[in-house]
Peer 1: 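Questions regarding the structure given below will be posed in turn.
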Amino acid sequence: LGFDRPTANSLDAVSDRDFALDYLQAANQCALHLSRLAEEFILWASQPFGFVRLPDALSTGSSIMPQKKNPDAAELVRGHAGRITGCLMALTVTMKGLPLAYSKDMQDDKPPVFEAHGLLGLSLAAMTGMVADATFHTSRMRQAAEMGYATATDLADWLVRQADIPFRQAHHITGAAVKLAESRGVALDALSLADLQAIDGRITDAVFAALSVEASVAARASHGGTAPVEVRKRVAEARAALGME
(Lines give C-alpha, C1' and ligand atoms only; values in the text may rest on other atoms or scores of the structure.)
Protein backbone atom coordinates (compact mmCIF):
# COMPACT_ATOMS: atom_id res chain seq x y z
CA LEU A 1 0.00 0.00 0.00
CA GLY A 2 3.02 2.29 -0.03
CA PHE A 3 3.34 2.88 3.71
CA ASP A 4 6.81 3.85 4.94
CA ARG A 5 6.89 1.20 7.67
CA PRO A 6 4.63 -0.81 10.00
CA THR A 7 3.03 1.03 12.90
CA ALA A 8 5.11 0.37 16.00
CA ASN A 9 2.13 -0.02 18.34
CA SER A 10 -0.97 -2.02 17.48
CA LEU A 11 -3.30 0.02 19.69
CA ASP A 12 -2.04 3.19 18.06
CA ALA A 13 -2.70 1.61 14.66
CA VAL A 14 -6.42 1.12 15.38
CA SER A 15 -7.13 4.11 17.63
CA ASP A 16 -5.30 6.93 15.87
CA ARG A 17 -7.20 9.26 13.53
CA ASP A 18 -4.62 12.02 13.41
CA PHE A 19 -4.23 11.50 9.66
CA ALA A 20 -7.91 12.34 9.18
CA LEU A 21 -7.74 15.30 11.55
CA ASP A 22 -4.59 16.56 9.80
CA TYR A 23 -6.39 16.43 6.47
CA LEU A 24 -9.41 18.24 7.87
CA GLN A 25 -7.17 20.90 9.45
CA ALA A 26 -5.52 21.52 6.07
CA ALA A 27 -8.87 21.47 4.26
CA ASN A 28 -10.30 23.90 6.79
CA GLN A 29 -7.41 26.35 6.42
CA CYS A 30 -7.61 26.17 2.63
CA ALA A 31 -11.38 26.68 2.73
CA LEU A 32 -10.99 29.72 4.98
CA HIS A 33 -8.63 31.37 2.48
CA LEU A 34 -10.99 30.51 -0.39
CA SER A 35 -13.88 31.97 1.57
CA ARG A 36 -12.05 35.23 2.12
CA LEU A 37 -11.16 35.42 -1.57
CA ALA A 38 -14.79 34.69 -2.44
CA GLU A 39 -15.90 37.50 -0.14
CA GLU A 40 -13.57 39.88 -2.00
CA PHE A 41 -15.19 38.92 -5.30
CA ILE A 42 -18.69 39.30 -3.85
CA LEU A 43 -17.93 42.78 -2.53
CA TRP A 44 -16.01 43.88 -5.61
CA ALA A 45 -18.80 42.73 -7.91
CA SER A 46 -21.48 44.63 -5.96
CA GLN A 47 -22.84 47.87 -7.35
CA PRO A 48 -21.17 50.23 -4.84
CA PHE A 49 -17.74 48.83 -5.82
CA GLY A 50 -18.02 47.73 -9.45
CA PHE A 51 -14.42 46.52 -9.54
CA VAL A 52 -15.05 43.18 -11.25
CA ARG A 53 -17.47 41.40 -13.54
CA LEU A 54 -17.83 37.74 -12.67
CA PRO A 55 -18.02 35.09 -15.42
CA ASP A 56 -21.56 34.17 -16.46
CA ALA A 57 -20.83 30.46 -15.95
CA LEU A 58 -20.31 31.09 -12.22
CA SER A 59 -23.21 33.52 -11.73
CA THR A 60 -26.98 33.40 -12.01
CA GLY A 61 -29.71 35.90 -12.76
CA SER A 62 -32.22 37.01 -10.18
CA SER A 63 -35.69 35.44 -10.25
CA ILE A 64 -37.20 38.86 -9.48
CA MET A 65 -34.78 41.54 -10.73
CA PRO A 66 -33.78 41.01 -14.38
CA GLN A 67 -30.84 43.41 -14.13
CA LYS A 68 -29.27 41.61 -11.17
CA LYS A 69 -26.37 39.18 -11.45
CA ASN A 70 -25.86 37.00 -8.40
CA PRO A 71 -22.33 35.80 -7.46
CA ASP A 72 -23.70 32.35 -6.61
CA ALA A 73 -20.49 30.36 -6.93
CA ALA A 74 -18.58 32.74 -4.67
CA GLU A 75 -21.38 32.70 -2.11
CA LEU A 76 -21.42 28.89 -2.13
CA VAL A 77 -17.64 28.78 -1.66
CA ARG A 78 -18.08 31.08 1.32
CA GLY A 79 -20.79 28.80 2.68
CA HIS A 80 -18.77 25.62 2.06
CA ALA A 81 -16.05 26.97 4.35
CA GLY A 82 -18.49 26.86 7.25
CA ARG A 83 -19.43 23.28 6.48
CA ILE A 84 -15.79 22.21 6.20
CA THR A 85 -15.08 23.85 9.56
CA GLY A 86 -18.03 21.85 10.88
CA CYS A 87 -16.50 18.64 9.54
CA LEU A 88 -13.28 19.36 11.41
CA MET A 89 -15.15 20.13 14.60
CA ALA A 90 -17.34 17.03 14.26
CA LEU A 91 -14.42 14.60 14.14
CA THR A 92 -12.48 16.55 16.78
CA VAL A 93 -15.39 16.29 19.22
CA THR A 94 -15.90 12.61 18.36
CA MET A 95 -12.28 11.82 19.18
CA LYS A 96 -11.83 13.97 22.26
CA GLY A 97 -13.67 11.64 24.66
CA LEU A 98 -12.44 8.25 23.46
CA PRO A 99 -9.97 6.01 25.28
CA LEU A 100 -6.67 5.19 23.58
CA ALA A 101 -7.98 2.15 21.77
CA TYR A 102 -10.55 1.38 19.09
CA SER A 103 -14.16 2.36 19.75
CA LYS A 104 -17.17 2.07 17.46
CA ASP A 105 -17.56 5.85 17.52
CA MET A 106 -14.60 6.00 15.17
CA GLN A 107 -16.68 4.69 12.29
CA ASP A 108 -17.97 8.25 12.12
CA ASP A 109 -14.59 9.45 10.89
CA LYS A 110 -15.54 8.87 7.25
CA PRO A 111 -18.56 11.18 6.69
CA PRO A 112 -16.77 14.42 7.70
CA VAL A 113 -13.63 13.54 5.72
CA PHE A 114 -15.57 12.62 2.58
CA GLU A 115 -17.87 15.64 2.88
CA ALA A 116 -14.96 18.05 3.37
CA HIS A 117 -13.07 16.51 0.45
CA GLY A 118 -16.03 16.94 -1.89
CA LEU A 119 -16.80 20.49 -0.80
CA LEU A 120 -13.16 21.56 -1.02
CA GLY A 121 -12.84 20.16 -4.54
CA LEU A 122 -15.91 22.14 -5.65
CA SER A 123 -14.62 25.30 -3.97
CA LEU A 124 -11.19 25.04 -5.59
CA ALA A 125 -12.71 24.47 -9.02
CA ALA A 126 -15.09 27.41 -8.61
CA MET A 127 -12.46 29.87 -7.46
CA THR A 128 -10.00 28.72 -10.12
CA GLY A 129 -12.59 29.48 -12.79
CA MET A 130 -13.49 32.77 -11.19
CA VAL A 131 -9.91 34.04 -11.04
CA ALA A 132 -9.25 32.90 -14.62
CA ASP A 133 -12.38 34.35 -16.24
CA ALA A 134 -13.31 37.43 -14.18
CA THR A 135 -12.99 40.83 -15.84
CA PHE A 136 -11.46 43.55 -13.67
CA HIS A 137 -12.48 47.18 -14.15
CA THR A 138 -9.14 48.80 -13.46
CA SER A 139 -10.30 52.32 -14.28
CA ARG A 140 -12.95 52.06 -11.57
CA MET A 141 -10.33 50.73 -9.15
CA ARG A 142 -8.05 53.64 -10.04
CA GLN A 143 -10.87 56.09 -9.40
CA ALA A 144 -11.62 54.54 -6.00
CA ALA A 145 -7.94 54.61 -5.03
CA GLU A 146 -8.01 58.41 -5.22
CA MET A 147 -10.85 58.68 -2.72
CA GLY A 148 -10.20 59.40 0.94
CA TYR A 149 -6.91 61.24 0.34
CA ALA A 150 -4.88 58.07 0.75
CA THR A 151 -1.71 59.88 -0.38
CA ALA A 152 -1.83 62.29 2.57
CA THR A 153 0.66 60.06 4.38
CA ASP A 154 2.99 60.38 1.40
CA LEU A 155 2.82 64.16 1.72
CA ALA A 156 3.69 63.97 5.41
CA ASP A 157 6.54 61.55 4.69
CA TRP A 158 7.86 63.85 1.96
CA LEU A 159 7.83 66.83 4.33
CA VAL A 160 9.85 64.85 6.88
CA ARG A 161 12.24 63.35 4.37
CA GLN A 162 12.80 66.19 1.93
CA ALA A 163 11.97 69.36 3.90
CA ASP A 164 13.44 68.17 7.22
CA ILE A 165 10.22 68.96 9.07
CA PRO A 166 9.37 67.10 12.32
CA PHE A 167 6.50 64.65 11.77
CA ARG A 168 4.29 66.48 14.29
CA GLN A 169 4.48 69.61 12.13
CA ALA A 170 4.25 67.60 8.90
CA HIS A 171 1.06 66.03 10.19
CA HIS A 172 -0.46 69.47 10.81
CA ILE A 173 0.63 70.79 7.40
CA THR A 174 -0.80 67.74 5.66
CA GLY A 175 -4.09 68.16 7.50
CA ALA A 176 -4.35 71.71 6.20
CA ALA A 177 -3.65 70.54 2.66
CA VAL A 178 -6.31 67.85 2.88
CA LYS A 179 -8.82 70.37 4.23
CA LEU A 180 -8.14 72.68 1.29
CA ALA A 181 -8.46 69.83 -1.22
CA GLU A 182 -11.73 68.72 0.39
CA SER A 183 -13.15 72.22 0.19
CA ARG A 184 -12.46 72.23 -3.54
CA GLY A 185 -13.49 68.63 -4.15
CA VAL A 186 -10.16 67.67 -5.71
CA ALA A 187 -7.34 65.21 -5.04
CA LEU A 188 -4.18 66.33 -3.27
CA ASP A 189 -2.09 66.25 -6.42
CA ALA A 190 -4.64 68.58 -8.08
CA LEU A 191 -3.66 71.42 -5.75
CA SER A 192 -1.25 73.90 -7.29
CA LEU A 193 2.23 74.58 -5.97
CA ALA A 194 1.02 78.03 -4.95
CA ASP A 195 -1.79 76.45 -2.93
CA LEU A 196 0.63 74.19 -1.10
CA GLN A 197 3.23 76.92 -0.53
CA ALA A 198 0.53 79.13 0.94
CA ILE A 199 0.19 76.45 3.62
CA ASP A 200 3.94 76.01 4.06
CA GLY A 201 6.64 77.77 2.05
CA ARG A 202 9.08 74.89 2.37
CA ILE A 203 7.09 72.79 -0.08
CA THR A 204 8.61 72.62 -3.58
CA ASP A 205 7.33 71.28 -6.89
CA ALA A 206 9.24 68.05 -6.19
CA VAL A 207 6.36 67.08 -3.89
CA PHE A 208 4.15 66.19 -6.85
CA ALA A 209 6.33 63.19 -7.61
CA ALA A 210 5.09 61.70 -4.32
CA LEU A 211 1.40 62.64 -4.39
CA SER A 212 -0.07 60.49 -7.16
CA VAL A 213 -1.63 57.11 -6.46
CA GLU A 214 0.96 55.45 -8.69
CA ALA A 215 3.83 57.11 -6.83
CA SER A 216 2.34 56.17 -3.47
CA VAL A 217 2.07 52.50 -4.38
CA ALA A 218 5.48 52.40 -6.08
CA ALA A 219 7.14 53.91 -2.99
CA ARG A 220 6.33 50.77 -0.96
CA ALA A 221 9.23 48.90 -2.55
CA SER A 222 10.68 47.13 0.49
CA HIS A 223 10.67 43.32 0.50
CA GLY A 224 7.08 42.15 0.38
CA GLY A 225 5.78 45.67 -0.29
CA THR A 226 2.88 46.64 -2.55
CA ALA A 227 5.01 48.28 -5.23
CA PRO A 228 4.33 46.66 -8.63
CA VAL A 229 7.95 45.57 -8.93
CA GLU A 230 7.73 43.71 -5.60
CA VAL A 231 4.33 42.19 -6.37
CA ARG A 232 5.64 40.86 -9.69
CA LYS A 233 8.57 39.27 -7.85
CA ARG A 234 6.23 37.47 -5.49
CA VAL A 235 4.03 36.34 -8.38
CA ALA A 236 7.07 34.94 -10.18
CA GLU A 237 8.17 33.12 -7.04
CA ALA A 238 4.72 31.65 -6.52
CA ARG A 239 4.49 30.50 -10.13
CA ALA A 240 7.92 28.88 -9.88
CA ALA A 241 6.98 27.13 -6.63
CA LEU A 242 3.84 25.77 -8.29
CA GLY A 243 5.76 24.63 -11.36
CA MET A 244 3.95 27.10 -13.62
CA GLU A 245 7.04 28.63 -15.20
Side-chain angles (χ1 to χ4, degrees), residues 30-82 120 122-155 157 177-178 181-191 207-242 244-245:
C30 183
L32 289 179
H33 286 295
L34 291 174
S35 178
R36 296 176 68 180
L37 179 60
E39 173 67 4
E40 295 273 290
F41 274 101
I42 292 166
L43 284 174
W44 286 12
S46 65
Q47 189 172 1
F49 287 83
F51 292 168
V52 65
R53 177 180 175 83
L54 300 181
D56 291 341
L58 296 172
S59 309
T60 62
S62 169
S63 58
I64 298 175
M65 296 175 283
Q67 83 286 0
K68 194 168 184 288
K69 186 176 183 180
N70 294 319
D72 280 7
E75 290 174 352
L76 289 170
V77 168
R78 191 174 57 182
H80 288 351
L120 185 61
L122 288 172
S123 297
L124 286 166
M127 294 310 298
T128 298
M130 201 169 301
V131 170
D133 297 333
T135 302
F136 292 93
H137 303 309
T138 54
S139 60
R140 171 63 181 155
M141 292 178 172
R142 175 66 175 74
Q143 181 184 12
E146 290 183 335
M147 299 173 65
Y149 299 97
T151 60
T153 302
D154 298 275
L155 174 56
D157 288 345
V178 169
E182 282 182 330
S183 69
R184 296 182 180 178
V186 299
L188 274 176
D189 59 352
L191 295 176
V207 73
F208 293 104
L211 290 185
S212 69
V213 171
E214 289 81 5
S216 177
V217 175
R220 274 68 183 175
S222 59
H223 181 80
T226 54
V229 63
E230 285 298 311
V231 173
R232 291 189 184 100
K233 287 180 183 178
R234 304 292 85 80
V235 171
E237 290 172 358
R239 291 178 66 87
L242 294 171
M244 299 173 64
E245 293 296 343

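Here the structure is a predicted model, which is why all the values come from computation and not from measurement.
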Peer 1: Check whether any side-chain heavy atom of C30 lies under 4.5 Å from a side-chain heavy atom of L124, and answer yes or no.
Peer 2: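 When only atoms from C-beta onward are counted, L124 and C30 do touch, with a gap below 4.5 Å.
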
Peer 1: Kindly compute the distance separating NE2 (H80) from CG (L76), expressed to the nearest 0.5 Å.
Peer 2: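 So the NE2 of H80 and the CG of L76 are separated by 5.5 Å.
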
Peer 1: Taking all non-hydrogen atoms of both residues into account, name the closest pair between V77 and A126 and its distance.
Peer 2: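 What the structure gives for the nearest pair is CG2-CB, 3.9 Å.
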
Peer 1: Taking K233 first and then E237, would you say they form a salt bridge - that is, a charged N and a carboxylate O separated by under 4.0 Å?
Peer 2: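 Looking at K233 and E237, the cut-off is not met.
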
Peer 1: Donor-acceptor pairs under 3.5 Å, side chain of residues 32-56 to any protein atom, not counting sequence neighbours: which ones?
Peer 2:
residue : atom : partner : partner atom : Å
E39     : OE1  : R78     : NH1          : 2.4
S46     : OG   : L43     : O            : 2.5
D56     : OD1  : K69     : NZ           : 2.7

Peer 1: Can you list everything that forms a salt bridge (charged side-chain N to carboxylate O under 4.0 Å, His left out) with R232? Sequence neighbours excluded, please.
Peer 2: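 Checked R232 against salt bridge (charged side-chain N to carboxylate O under 4.0 Å, His left out); zero matches.
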
Peer 1: Minimum heavy-atom separation for P228 to V217, with atom names?
Peer 2: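 Nearest heavy atoms, P228 then V217: CD-CG1, 3.9 Å.
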
Peer 1: Excluding sequence neighbours, so at least two apart, what forms salt bridge (charged side-chain N to carboxylate O under 4.0 Å, His left out) with R220?
Peer 2: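 In terms of salt bridge (charged side-chain N to carboxylate O under 4.0 Å, His left out), with neighbours along the sequence ignored, R220 is linked to D154.
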
Peer 1: List the atom of L155, the atom of A177, and the distance in Å for their closest heavy-atom pair.
Peer 2: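 Where L155 meets A177 most closely, the heavy atoms are CD2-CB, 3.8 Å.
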
Peer 1: Side chains of residues 143-151: which donor-acceptor partners sit under 3.5 Å, not counting sequence neighbours?
Peer 2:
residue : atom : partner : partner atom : Å
Q143    : OE1  : R140    : NH1          : 3.4
E146    : OE2  : R142    : NH1          : 2.7
Y149    : OH   : A181    : O            : 3.3
Y149    : OH   : E182    : N            : 3.3
Y149    : OH   : V186    : O            : 2.9
T151    : OG1  : L211    : O            : 3.2

Peer 1: Is S222 reaching over with its side chain to a backbone N or O of G225, donor-acceptor style, under 3.5 angstrom?
Peer 2: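 No, the answer is negative, given that no donor and acceptor are paired below the 3.5 Å cut-off.
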
Peer 1: Can you tell me how far apart CG (D133) and OG1 (T128) are? Round to the nearest 0.5 Å.
Peer 2: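 Reported to 0.5 Å precision, the distance equals 10.5 Å.
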
Peer 1: List the residues meeting ring pair (Phe, Tyr, Trp, His ring centres under 6.0 Å) with F208, not counting sequence neighbours, and say none if there are none.
Peer 2: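 Once residues adjacent in sequence are excluded, F208 has no partner under the ring pair (Phe, Tyr, Trp, His ring centres under 6.0 Å) criterion.
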
Peer 1: Distance check, rounded to the nearest 0.5 Å: N70 atom CG versus S59 atom OG?
Peer 2: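 Going from the CG atom of N70 to the OG atom of S59 covers 8.0 Å.
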
Peer 1: Nearest 0.5 Å, please: how far is CE in M130 from OG in S123?
Peer 2: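 If we round to the nearest 0.5 Å, S123:OG and M130:CE are 10.0 Å apart.
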
Peer 1: Does A227 have any side-chain contact (heavy atoms from CB on, under 4.5 Å) partners at least two apart in sequence or in another chain, and if so, which?
Peer 2: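 Testing A227 for side-chain contact (heavy atoms from CB on, under 4.5 Å), a comparison that skips the adjacent residues, returns A221, V229.
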
